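Here's the structure we're looking at; comments come further down.
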Amino acid sequence: MDSEEESFIRLFPPEGPQDEGSESPEQLRREVERLKIFAIKEENNRLRQEKQVLKNKLEELRVLWNDPVRMLSALPEKKMVFKGLTVNKDDMNKLMLTPLIRYPLPGGSALITFEEAKVAQRIIELREHTVELSCGELKELDQCRMQVKAVPVDLLLPSALEIRLTQSSRSILVSNLPSLDISKDGLLDKLELFFSKTKNGGSEVESRDFLEDSDQVVLTFAQDGVAEQLIEKRFIQMPIGKRTYKVKISPCMSGDISNMQLQPSRCPRTVLLLGIPDVLSVESMRDALEIHFQKASRGGGEVDALAYVPAGRTGMAVFVEDTG
């Protein structure tokens with residue numbers, strides 16, 4: 001373990017009578033003072049490094065926040081599928097956007113979601129937490145403790161979105177597909193075979209793909225004009241096995257984000273813990289953290305979910321809309 005990792009570890013030996021040794025009380029006192037000074041210096045170095053990292057991140061966010069174009073270019077690319085239900089004419093041009101935010105987790109951290117927001121707020125306000133580590137894995141260090149820091153989780157969520165839509169001239173969207181006991185590749189083969197025949201209004205199929213996170217299929221033809229004629233039919237009877245199913249044919253629309261406005265949003269029930277040393281197995285550390293932070297005497301409460309990433313690794317948390 002290198003010095004940078006060691007600077008995050010705060011282990012305290014158990015209090016109690018010590019075995020008698022050959023060192024005099026004066027020598028022990030000086031050794032204790034030396035260790036205290038060393039620990040203070042290490043802590044100061046860690047805080048200085050952490051302060052510089054936060055300053056750099058703040059400056060990056062400030063630059064991006066003042067330049068929406070750079071903000072958009074800094075966002076990761078992600079294929080999205082927009083689904084909606086048309087209720088009346090006024091809703092024809094409206095789309096519902098459901099956030100699905102991926103949040104990177106550094107090594108030596110944990111993400112805790114509590115059942116109540118007030119518990120998360122209390123944990124953040126306390127900031128520094130000393131967690132008991134009572135596990136046989138520590139052997140002679142049994143009953144030691146570690147110190148971790150609790151910080152809030154802030155995300156950037158879209159508040160306004162403009163999308164430029166274009167209709168493909170050679171592709172169609174096939175939906176209302178039946179749920180059959182065949183593989184996706186098998187179903188794609190049957191669709192390609194059916195729509196490649198001119199008697200069914202089709203032609204040579206250039207590509208076929210399932211739409212991401214959807215049961216709909218995009219078929220692209222090698223020739224122009226085929227997709228337009230099929231779209232005019234809207235529905236077509238397609239035999240699969242011993243039965244015939246009515247599938248829907250729609251235009252295939254692709255969209256590019258032309259403008260997006262973001263606003264910061266704080267997760268009300270979630271807390272990020274930093275500075276967790278790699279001294280226990282993943283399961284044992286999860287148990288130790290959950291036991292500590294669900295105790296009311298420690299300022300905690302009922303834990304809804306907990307994710308832990310050991311030092312030296314990285315993780316990814318996915319945030320979805322809270323409908324509870």
Side-chain angles (χ1 to χ4, degrees), residues 1-57 105-112 119-152 271-301 303 306-314:
M1 186 175 293
D2 57 31
S3 59
E4 183 178 354
E5 291 178 335
E6 288 177 355
S7 65
F8 285 88
I9 298 179
R10 312 294 298 157
L11 290 177
F12 303 91
E15 298 178 358
Q18 306 294 322
D19 294 335
E20 293 183 0
S22 58
E23 294 179 326
S24 67
E26 180 63 23
Q27 289 176 319
L28 289 175
R29 186 187 65 78
R30 286 199 299 268
E31 180 65 16
V32 169
E33 290 297 326
R34 187 186 69 81
L35 291 175
K36 284 183 179 180
I37 294 173
F38 176 78
I40 291 173
K41 288 182 178 179
E42 287 290 297
E43 181 68 9
N44 288 338
N45 290 335
R46 184 185 72 82
L47 291 174
R48 278 196 294 269
Q49 293 173 3
E50 186 177 287
K51 182 180 179 181
Q52 187 59 45
V53 170
L54 291 175
K55 277 186 176 180
N56 294 339
K57 288 183 178 179
L105 292 175
S109 69
L111 209 59
I112 300 183
V119 177
Q121 182 60 34
R122 191 162 59 235
I123 294 298
I124 293 171
E125 290 175 354
L126 292 173
R127 191 174 176 81
E128 299 288 342
H129 298 266
T130 301
V131 181
E132 299 285 345
L133 297 179
S134 178
C135 181
E137 294 181 29
L138 294 178
K139 298 180 181 177
E140 70 276 3
L141 297 179
D142 191 20
Q143 298 296 336
C144 286
R145 305 185 294 272
M146 68 177 182
Q147 191 173 27
V148 299
K149 181 170 64 176
V151 297
V271 176
L272 177 63
L273 301 177
L274 298 172
I276 302 175
D278 188 14
V279 294
L280 295 177
S281 65
V282 173
E283 185 176 355
S284 296
M285 184 61 77
R286 280 174 50 88
D287 290 343
L289 291 170
E290 186 166 355
I291 289 172
H292 176 88
F293 285 100
Q294 71 181 1
K295 291 180 178 179
S297 60
R298 305 281 188 178
V303 175
L306 190 151
Y308 163 60
V309 181
R313 304 184 193 177
T314 57

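If you're wondering where the values come from, they're calculated on a predicted model, not measured in any experiment.
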Report the C-alpha separation of Glu132 and His292 in whole Å, then their side-chain angles, then the decisive distance to 0.1 Å, and conclude whether the side-chain contact (heavy atoms from CB on, under 4.5 Å) test is met. CA-CA 7 Å; Glu132 299 285 345; His292 176 88; 5.6 Å; no
Criterion salt bridge (charged side-chain N to carboxylate O under 4.0 Å, His left out) on Arg46 and Glu43, from CA distance to verdict: CA-CA 5 Å; Arg46 184 185 72 82; Glu43 181 68 9; 2.8 Å; yes
Test side-chain contact (heavy atoms from CB on, under 4.5 Å) on Val131 and Leu273; report intermediate values, then the result. CA-CA 11 Å; Val131 181; Leu273 301 177; over 6 Å; no
Should Val53 and Glu50 be marked as a side-chain contact (heavy atoms from CB on, under 4.5 Å) after you check the CA-CA gap, both sets of side-chain angles, and the distance that decides it? CA-CA 5 Å; Val53 170; Glu50 186 177 287; 5.7 Å; no
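Glu31 and Gln27 share no side-chain donor-acceptor pair at under 3.5 Å.
Residues passing the ring pair (Phe, Tyr, Trp, His ring centres under 6.0 Å) test with His129 are Phe293, sequence neighbours excluded.
Residue Asn44 holds its CG atom at 10.0 Å from NZ of Lys41, rounded to the nearest 0.5 Å. Atom CG of residue Leu133 and atom CD1 of residue Ile291 lie 10.5 Å apart, to the nearest 0.5 angstrom. Note that the CG atom of Leu105 and the CZ atom of Arg313 stand 13.5 Å from one another [nearest 0.5 Å].
No donor-acceptor pair closer than 3.5 Å links the side chain of Arg145 to the backbone N or O of Thr130.
Other residues, nucleotides and ligands contribute more than 12 heavy atoms inside 6.0 Å of the CD atom of Glu33.
Under the 4.5 Å side-chain criterion, counting only non-hydrogen atoms from C-beta, Val151 is in contact with Arg127. In this structure, the side chains of Gln294 and Val119 stay at 4.5 Å or more apart for every pair of heavy atoms. Under the 4.5 Å side-chain criterion, counting only non-hydrogen atoms from C-beta, Leu289 is in contact with Ile276.
Among all heavy-atom pairs drawn from Pro310 and Val282, the shortest one is CG-CG2, 3.6 Å. In this structure, Ile123 and Gly299 approach most closely via the heavy-atom pair CD1-O, 3.6 Å. Taking each heavy atom of Ser109 and Leu272 in turn, the nearest pair found is CB-CD1, 4.1 Å. For the residue pair Pro277 and Met285, the shortest heavy atom distance occurs at O-CE, 3.5 Å. Of all heavy-atom pairs between Val271 and Ala150, the closest is CG1-CB, 3.7 Å.
Look at Arg30 and Glu26 and you find a salt bridge, because one of the NZ, NE, NH1 or NH2 atoms lies within 4.0 Å of a carboxylate O, short of that distance.
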